[in-house]
Amino acid sequence: MRRPVARNLSGLAVAAVMVTVGAAAPPSSTTGATGTPPKVPLAVGYGGAVSSVDADASAAGIEVLRRGGNAVDAAVATAAALGVTEPYSAGVGGGGYFVYYDAKTRQVHTIDGRETAPLTADSGLFLENGKPLAFGDAVTSGLSVGTPGTPATWQTALDTWGSERLGSVLRPAQKLARDGFTVDPTFRSQTEGNQARFKDFPDSAKLFLPGGALPVVGSTFKNPDLARTYEELGRDGVGAIYRGDIGDDIVRTVNKPPVDPASGRVARPGKLSVEDLKAYGTKLQAPTKTSYRGLGVYSMAPSSSGGTTVGEALNILGRTDLSKATQEQYLHRYIEASRIAFADRGRWVGDPAFEDVPAKDLLSQRFADSRACLIKDDAVLTSPLAPGDPRHPGACGKPGDKAAPTTFEGENTTHLTVADKWGNVVAYTLTIESTGGSGITVPGRGFLLNNELTDFSFAPANPAVHDPNLPGPGKRPRSSISPTIVLDRHNQPVVALGSPGGATIITTVLQTLTGFVDRGLPLVDAIAAPRASQRNAAATELEPGLWNSPLRSDLEKIGHVFKQNPEIGAATGVQRLKNGEWLAAAEKVRRGGGSAMVVTPAPGD
Ligand code: GLU
C-alpha cells in the first residue's frame, strides 16, 4: 500500500513470489528503477524471509539479510523502517516485545521492551478528583507516556544475538526518512483520524500536516528530523535517549506538552524524568511454553498477557479434536476458550515485578482441564465470567473469585516476522499504543511519544476483585502482545507469527494458529480467515466475513451474541519449509494488505 519513491533503498533486487492471492488487494506497482517489489501477501524462497505490513519495511529487512546480516539484524532494520512509514503504530518513542529462536542452540529467548511508568507514579495516575479521566484525555497527554523501550530493545537484541552494529542496521530506515516514501490511502486516513489533535500540537502539525493539510496520496513524505535521530542513535548509541540530549527533549516534552495555547486543548503534563530514562532496562526472560498437538508454542511471558492467555486457551482446546469439528463447533470452542482465558488473564496477569503472577499455574494442563469442562456444546457461557484459581484448580464450575469485565484497551501497533538462512527466527511486535500514540511529537526529533500507560486499568473494573494492572512506580502496563514461535519435536521452527490489535492480538494469534495447525489452512489463508474475538464480554466481535455468513445464525441459536468489528488485527508470519526454504505470509486485505518477501526465489541464487 505504501509505494517507495524511486530513490529509496538503493540497488535492491528482492524476490517476492505471489503464489496465491485469493481476495488480495491488487499489488502496488513497482516504481522506478530500484526494483523494489510490489506488495504481495505471500512469498516463498530461500536466503531468509521478512513479513511486515509495509513493503519498504520488509525491503529494509531483506536488504540486511541479503548482505549477510542475521534475522535479528534484519528485524531491527525492518522495525526502524516501520518507524518511518508507520509512525502512528511504532517508533523509538514506544516499546514492544521481541521473541527470538536461536538455530544453533534450538532455544527461544525473549526481550521485554515494554514502556514503564515514571518512578513517581501511583495507582491514582489516571484519577482526577477521585474519578478516572476520560480515556481520550488520558491518551493525548504527558500522563500516558511511558519510558520508551524500543531503542533499548534494538540495542539488547543486537548486542545479544545480532551480527551488525546499530548504525548499520538503521541505515536503510535513515535513508527512507531522508528521501521519503510515497503516501498511500492508509497513511492519509490514519493522519486524518489524528488531524484534530495533531493540529493542536505545532510540532505534530508541522510534521504530519505539511502546509496545514493532510498528506496527499501519491506525494512523497519525508521526515528529515527522524533521519537525524536515527543517525545520532547509530553514531552515539541509544544512550542518546536514556542518558543524553534526545532523552532531555523527551522529558521536557512530557513535562510540558508543547500544545498551541490558542487551541484551548488541555494536555495534562506527565512526570517522566531523566531518572526514569536512566533507570530503564529491557528484560531478557524465558518465554512461555505450551505443548499443543505435539508442538511447542513459545511466546511472551508477563508483563505481556499474550503467552499465558494464548497458552491457556490452547491447553483448553487441546482437549478436543478441532480438526474433525464442523466450522460451527470449531468457532464455538475457540470463542469459549478465549472467554475463559480472558477471565483468568484479567484476574491474574500484571507486571510480575509488582504482582504475584502465577504464570506457570495459568499454563498448567490441570488448570486448563478445570476450566475446559465449563464448555458445553449446546450452550454459551455468561460474561463476565468469574476467573478460576490457577494455584488451586477447583472442581469444574467452581470459580474462585468474583468476575470483572475486561477493561478497555486501544488497538493499534505493528508486527513483523523474520527468518534467516541459518534458521534463526524473530517474531517482534512493537507499538506506541493508540494510532498516533499520545499525538505529541518530540520537537525536532521526528517521532511521536507513546500513550502506553493507558494500557493500565484506570481504576479496578470490579472494586471487590484485586486488579493486577493498576499503575505503580516503574511498573509496566499489562500488554496483550503475543509474538509466537512454534517448534516441532526436534525443536526446529514450524511457524512464527503475531499481530497488532490491543487485546484482540491474543484472539488473532489463537485463531490463526488453530486455523493453521488444526484446520489445515495454509498460513496465508489462516491469516486471511475472517476473525472472531471474544474477551470475556457479553458480545463476541465478528468481522464482516463471519457476520455475513450463515455461521452467525447457527451460533446465535445456541446462545452466542455478536457485534460487528470491521477489521481485527494485521498479522504476519513465516513458515519453515524443507531444505532451507521459507514461506512469508501477510494480510491479503486488512490494512491495505501486508508485504511478504524472501531473499531469493531459487536455492543458490
Ligand atoms: N498497547 C497494546 C498492548 O500492548 C498494543 C496496541 C495494539 O496492538 O494495538 O497490548
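Every number for a ligand or one of its atoms is a count from 1 in the order of the listing. Note: hydrogens, waters and symmetry copies are ignored here, and every other heavy atom, side chains too, is used.
Side-chain rings of Tyr88 and Phe198 approach one another, their centers coming within less than 6.0 Å.
The aromatic rings of Tyr280 and Tyr242 lie parallel to each other, their planes meeting at an angle below 30°, with 60° marking the opposite boundary. Below 30°, between 30° and 60°, or above 60°: for Phe135 and Phe458 the angle between ring planes is below 30°, a parallel geometry. Relative orientation of the Phe208 and Phe221 rings is parallel, given thresholds of 30° and 60° on the angle between their planes.
Within the 4.0 Å heavy-atom criterion, the part of Arg114 lying near ligand 1 is the side chain and not the backbone.
Of all the atoms in ligand 1, the ones that sit under 4.0 Å from a non-hydrogen atom of Ser480 are 3 (C), 4 (O), 10 (O). Short contacts between ligand 1 and Glu452, defined as distances under 4.0 Å to a heavy atom of the residue, involve ligand atoms 1 (N), 2 (C), 4 (O). Short contacts between ligand 1 and Asp455, defined as distances under 4.0 Å to a heavy atom of the residue, involve ligand atoms 1 (N), 2 (C), 3 (C), 4 (O), 10 (O). Listed by atom number, the atoms of ligand 1 under 4.0 Å from Thr431 heavy atoms are 5 (C), 6 (C). Each of the following atoms of ligand 1 lies closer than 4.0 Å to a heavy atom of Glu433: 1 (N), 2 (C), 5 (C), 6 (C). For ligand 1, the atoms closer than 4.0 angstrom to any heavy atom of Pro500 are 8 (O).
Polar contact with ligand 1: absent for Arg478 (N/O pair, distance under 3.5 Å). Looking at Gly502 next to ligand 1, an N or O pair under 3.5 Å apart turns up. Backbone and side-chain nitrogen or oxygen atoms of Ile505 are examined, and none is located within less than 3.5 angstrom of a nitrogen or oxygen of ligand 1.
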Please assess Trp154 against Phe98 for the test side chain to side chain contact (heavy atoms under 4.5 Å, CB included), listing each intermediate value before the final yes or no.
CA-CA 9 Å; Trp154 295 353; Phe98 193 103; 5.8 Å; no
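A salt bridge links Asp249 to Arg445: at least one charged side-chain nitrogen sits closer than 4.0 Å to a carboxylate oxygen.
With no hydrogens or angles considered, a side-chain donor-acceptor pair links Thr413 and Thr431 at under 3.5 Å.
A donor-acceptor pair is defined here as one N or O able to donate and one able to accept, closer than 3.5 Å; such a pair exists between the side chain of Glu543 and the backbone of Arg531.
For atom 8 (O) of ligand 1, the candidate residues are Thr413, Thr429, Ile481; the nearest heavy-atom contact is made by Thr413.
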